[in-house]
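Naming: A, B, ... by sequence-line order, numbering from 1 per chain. Please read these numbers as outputs of a predicted model, since none were measured by experiment.
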There are 2 protein chains.
Amino acid sequence: MKCKSYNLFFMNFANKTKLEIITLLRSGPLNVKTIARKIKEEQSAVSHNLKKLTDCHILDVKNLGKERVYSLNRDTVIPILKLVEKHVRKNCPKSCIKNAENN
Amino acid sequence: MKCKSYNLFFMNFANKTKLEIITLLRSGPLNVKTIARKIKEEQSAVSHNLKKLTDCHILDVKNLGKERVYSLNRDTVIPILKLVEKHVRKNCPKSCIKNAENN
DNA sequence: TGTTCATATGAAATGCAAGTCATATAACCT
DNA sequence: AGGTTATATGACTTGCATTTCATATGAACA
């Protein structure tokens, strides 16, 4: 069962680890190990998160030998992030924007 | 401190109650009591949720006598919801769309 | 086939957001 | 001022997502 509900979809953006993964993949596809190293999280934690992200089609996967390469569903994700960035710029004081970017 | 981070923003969409409030206010502003009645939640629970929604400027408030009337920040919210609806339509099997709509 | 590397999975522990309950505040009216 | 209605707030509890840890799967290659 995939994309059970909208709140399940948004849950993938409402969490530090997942959001870091999304942000990271914004600049290109990566395998699991690299993602884990870059965001400093355990491999298994990353895998669990990646599962949920792919379940909702926020990420795509491709097998490459023994690696699995994850990539962003840019069609959906980029526009959403841009909307939120715009929202924050418009509605939130400078200090908050800074905080957001440091996550 | 408002909009501390992006995941805080998305948290407002990643929860049944908040999402119901957002959906409800899509068709116009309402006071707290009415919201609580319509979504069948306790008034205090609704108030707690409304606070977070306004903190992130997803909702606006106006005082009207002893009532407080909450309204949607349509500029941000409507486009985001439309993007997600499109995403679900495109990526998720029919059964899932149904599930999503029943939440 | 056995070994290594890469990743996934399941169950149990942890953490934290959300809900609950009681109470406070605040506006309006008599 | 006192009463009533509307909403907010704080502390406590609960529910559930997330992490952790141990282990399984699976691909490549000798």
Side-chain angles (χ1 to χ4, degrees), chain A residues 1-25 29-56 58-71 99 103, chain B residues 1-25 29-71 99-100 103:
Chain A
M1 182 193 328
K2 300 174 182 185
C3 286
K4 198 184 73 184
S5 60
Y6 289 111
N7 68 311
L8 210 54
F9 174 89
F10 282 113
M11 216 167 280
N12 290 296
F13 293 83
N15 161 270
K16 190 171 175 290
T17 306
K18 294 195 189 68
L19 208 47
E20 282 179 334
I21 292 173
I22 289 171
T23 304
L24 183 60
L25 295 183
L30 291 173
N31 64 27
V32 180
K33 211 187 171 186
T34 309
I35 296 172
R37 180 168 45 78
K38 290 225 181 193
I39 69 173
K40 287 163 192 146
E41 292 283 343
E42 282 206 2
Q43 175 267 314
S44 61
V46 171
S47 271
H48 281 299
N49 279 293
L50 288 171
K51 173 155 181 42
K52 297 194 177 171
L53 285 159
T54 49
D55 279 353
C56 279
I58 288 166
L59 302 185
D60 297 321
V61 216
K62 278 191 180 172
N63 292 17
L64 201 80
K66 47 187 167 185
E67 294 180 16
R68 311 199 80 202
V69 178
Y70 287 85
S71 60
N99 284 337
N103 275 328
Chain B
M1 181 194 329
K2 300 173 183 186
C3 287
K4 198 184 73 183
S5 61
Y6 288 112
N7 67 312
L8 210 55
F9 173 89
F10 282 113
M11 217 165 280
N12 290 295
F13 293 84
N15 162 270
K16 190 171 175 288
T17 305
K18 295 194 187 70
L19 209 47
E20 282 178 335
I21 293 173
I22 289 170
T23 304
L24 183 59
L25 295 182
L30 291 174
N31 64 28
V32 179
K33 211 186 170 186
T34 309
I35 295 172
R37 181 170 43 79
K38 291 225 180 195
I39 69 172
K40 288 163 192 147
E41 292 284 341
E42 283 206 3
Q43 174 267 314
S44 61
V46 171
S47 271
H48 281 299
N49 279 293
L50 288 170
K51 173 156 181 40
K52 296 194 178 172
L53 286 159
T54 48
D55 279 353
C56 280
H57 299 269
I58 288 165
L59 301 185
D60 297 321
V61 215
K62 277 191 179 171
N63 293 17
L64 202 78
K66 46 186 167 186
E67 293 179 16
R68 309 199 81 202
V69 178
Y70 287 84
S71 60
N99 283 337
N103 275 327

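Checking C/dA6, C/dT20, D/dT20 against the side-chain heavy atoms of A/Glu41 singles out D/dT20 as nearest. Picking from D/dT7, D/dT20, C/dC21 the nucleotide with the shortest atom distance to the side chain of B/His48 gives C/dC21. For B/Ser47, counting side-chain heavy atoms from C-beta on, the closest listed nucleotide (D/dT7, D/dA17, C/dT7) is D/dT7. In the set C/dT20, D/dT7, D/dC21, D/dC21 carries the atom at the smallest distance from any side-chain atom of A/Glu42.
Here D/dT9 presents its P atom at 11 Å from CG of B/Leu50, a figure rounded to the nearest Å. One can place NZ of B/Lys40 at 16 Å from P of C/dG19, the figure rounded to the nearest angstrom. In this structure, B/Leu8 places its CG atom 14 Å from C1' of C/dA18, rounding to the nearest Å. The separation between A/Glu67 atom CD and D/dA28 atom P is 11 Å, rounded to whole Å. Spacing between atom NZ of B/Lys62 and atom C1' of D/dT7 amounts to 19 Å, rounded to whole angstrom units. The distance between atom CG of B/Leu30 and atom P of D/dA6, rounded to the nearest whole Å, is 14 Å. Atom NZ of B/Lys51 and atom C1' of C/dA17 are 15 Å apart (whole Å). Taking atom CG on A/Asn63 and atom C1' on D/dA28, their separation rounds to 13 Å, with Å as the unit.
Checking B/Asn31 against A/Ala14, the closest nucleotide of DNA chain D that is more toward the 5' end is the one next to B/Asn31. Residue A/Asn12 is the one, among A/Gly65 and A/Asn12, whose nearest nucleotide of DNA chain D lies closer to the 5' end (criterion: closest heavy atom).
Within the structure, every side-chain polar atom (N or O) of B/Asn15 is placed at least 4.0 Å from both OP1 and OP2 of C/dA17. In this model, the phosphate group of D/dT19 is approached by a side-chain N or O of A/Asn49 to a distance below 4.0 Å at OP1 or OP2. One finds no side-chain N or O of A/Lys66 lying less than 4.0 angstrom from the OP1 or OP2 phosphate oxygen of C/dC5. In terms of phosphate contacts, A/Lys52 brings a side-chain nitrogen or oxygen within less than 4.0 Å of OP1 or OP2 of D/dT18. Phosphate contact (OP1/OP2 of C/dA18, side-chain N/O of B/Lys18, threshold under 4.0 Å): present. Phosphate proximity of D/dA8 to B/Tyr70: present, with a side-chain N or O under 4.0 Å from OP1 or OP2. Contact check, B/Arg68 against D/dA8: a side-chain N or O comes under 4.0 Å of OP1 or OP2. Put simply, B/Thr17 has a side-chain N or O that comes within less than 4.0 Å of OP1 or OP2 on C/dG19.
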Checklist entry - What do the steps show when you test B/Thr23 against B/Ile39 for side-chain contact (heavy atoms from CB on, under 4.5 Å), and what is the final call? => result CA-CA 10 Å; B/Thr23 304; B/Ile39 69 172; over 6 Å; no
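Note: B/Leu24 CG to B/Leu19 CG = 11.5 Å, rounded to the nearest 0.5 Å. Of the inter-residue distances, the one linking A/Cys56 atom SG with A/Lys52 atom NZ reads 10.0 Å to the nearest 0.5 angstrom.
Residue B/Gln43 is in base contact, counting any heavy-atom pair closer than 4.0 Å across all strands shown.
At distances below 3.5 Å, not a single donor-acceptor pair connects side-chain atoms of A/Asn15 with backbone N or O atoms of A/Asn12.
With A/Tyr70 as reference, A/Val32 is the one residue of A/Leu30, A/Asp60, A/Val32 to meet the side chain to side chain contact (heavy atoms under 4.5 Å, CB included) rule.
Counted by atom type alone, B/Lys18 and B/Asn49 present one or more donor-acceptor pairs between their side chains at under 3.5 Å.
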